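Let me begin by presenting the structure, written as structure tokens, before commenting on it.
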Amino acid sequence: MKCSKCGREAIIFQRYSGLHLCEMHFNRDVEQKARRAIRKNKWIVNGDRIAVALSGGKDSSAVLYFMSKLLKDRPDVDLCAINIDEGIAGYRYPEKAKKIADSLDVPFHSTSFSEEYGITLDRIVELFGDRLSCTYCGILRRTLMNRFARNLGMTKIAFGMNLDDEAQSVMLNVLRGDERGLITKKNPHPMMVPRIKPFIHVPERDAALYAFIHTEDFDLEGCPYSYNALRNDVRGLIDDYTSRHPSTKHSIVKLGEKLPELCETNGKGLRICPECGEACGDICRTCQIIREVKKAGSGDSHPDSCI
Ligand code: SF4
């Protein structure tokens, strides 16, 4: 097929836009979507120090490539990559992420559950089983990512979430009845480093192709615990509906962007945990998990009671 814009050989057909695009127009399309999202949300300002959360997978590698290209002529904005090693054997390799950051000449920093919490996710699964692996992992990683970036003096954390991921996150919050998750994204608590998602309007398929074009050596392995993620069910549900209504993901993401604006929560409802000093809800779930893990590790087991 020929590119709908210039007649060159097309490399992708975007069902939602009805366009065939050649490599040049495809790159332009992805980068325009990312630049527009950054401009609209005022995600980058003079003096920013931005950490890209780099897992070593395709999505975060693609965003790191884009950010390094975008900021190469912005001496007023610092960029680095940060990596969290959850301790999942055969899946998480910080050295692979470092190689990607090095290839783009971006400084790299890494920490781990083991260094910070004294436990790996594999050990947590041994203690409690794998049913809630993603819940434990998500809570502990979110807290550690925020603390690590804040201690490095970062003003923003950029995530590799694409349109599909974001639509799933909005829907997950709806299904869990998590109203705070739906409305507090825009103005987090001062202890929380603001999160930015440059690829929020780029569909997963487009983000993957962009990664294949521009980066190499990224990790294609899936997490061994991912079969447990509720996200998988939600992905199936949204993909199925989108096959009949192509703009569904865009609509869900738009809803997720509008709700915080309407509610103007400004981080209200969060408090500082007296134990770990991080912003949390009524209960600090990170400290709760660590307490339960320590009890279980010492033989006094209380599986499931903390989640
Ligand atoms: Fe963690 Fe679940 Fe993601 Fe694996 S799939 S890295 S356990 S959140």
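Start at 1 and go down the list; that is how both ligands and their atoms are numbered. Everything numeric in this text was worked out from a predicted model, so none of it was measured.
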**Asked** By side-chain contact (heavy atoms from CB on, under 4.5 Å), which residues pair with A211, not counting sequence neighbours?
**Response** K58, A62, T215, F218
**Message:** Y16 and side-chain hydrogen bond (donor to acceptor under 3.5 Å, both in side chains): which single residue from T242, T248, D206 fits?
**Reply:** D206
**Request:** Check ring pair (Phe, Tyr, Trp, His ring centres under 6.0 Å) between F26 and all other residues, then give those that pass, not counting sequence neighbours.
**Result:** none
**Request:** Show all protein N/O/S atoms under 2.8 Å from atom 1 (Fe) of ligand 1, or state that there are none.
**Result:** C137 SG
**Asked** Mind checking what makes side-chain contact (heavy atoms from CB on, under 4.5 Å) contact with K96, not counting sequence neighbours?
**Response** Y93, D219
**Item:** Whether S247 side chain and H250 backbone form a donor-acceptor pair below 3.5 Å
**Value:** no
**Asked** Parallel, tilted or perpendicular for Y210 and F199, by the 30°/60° rule?
**Response** perpendicular
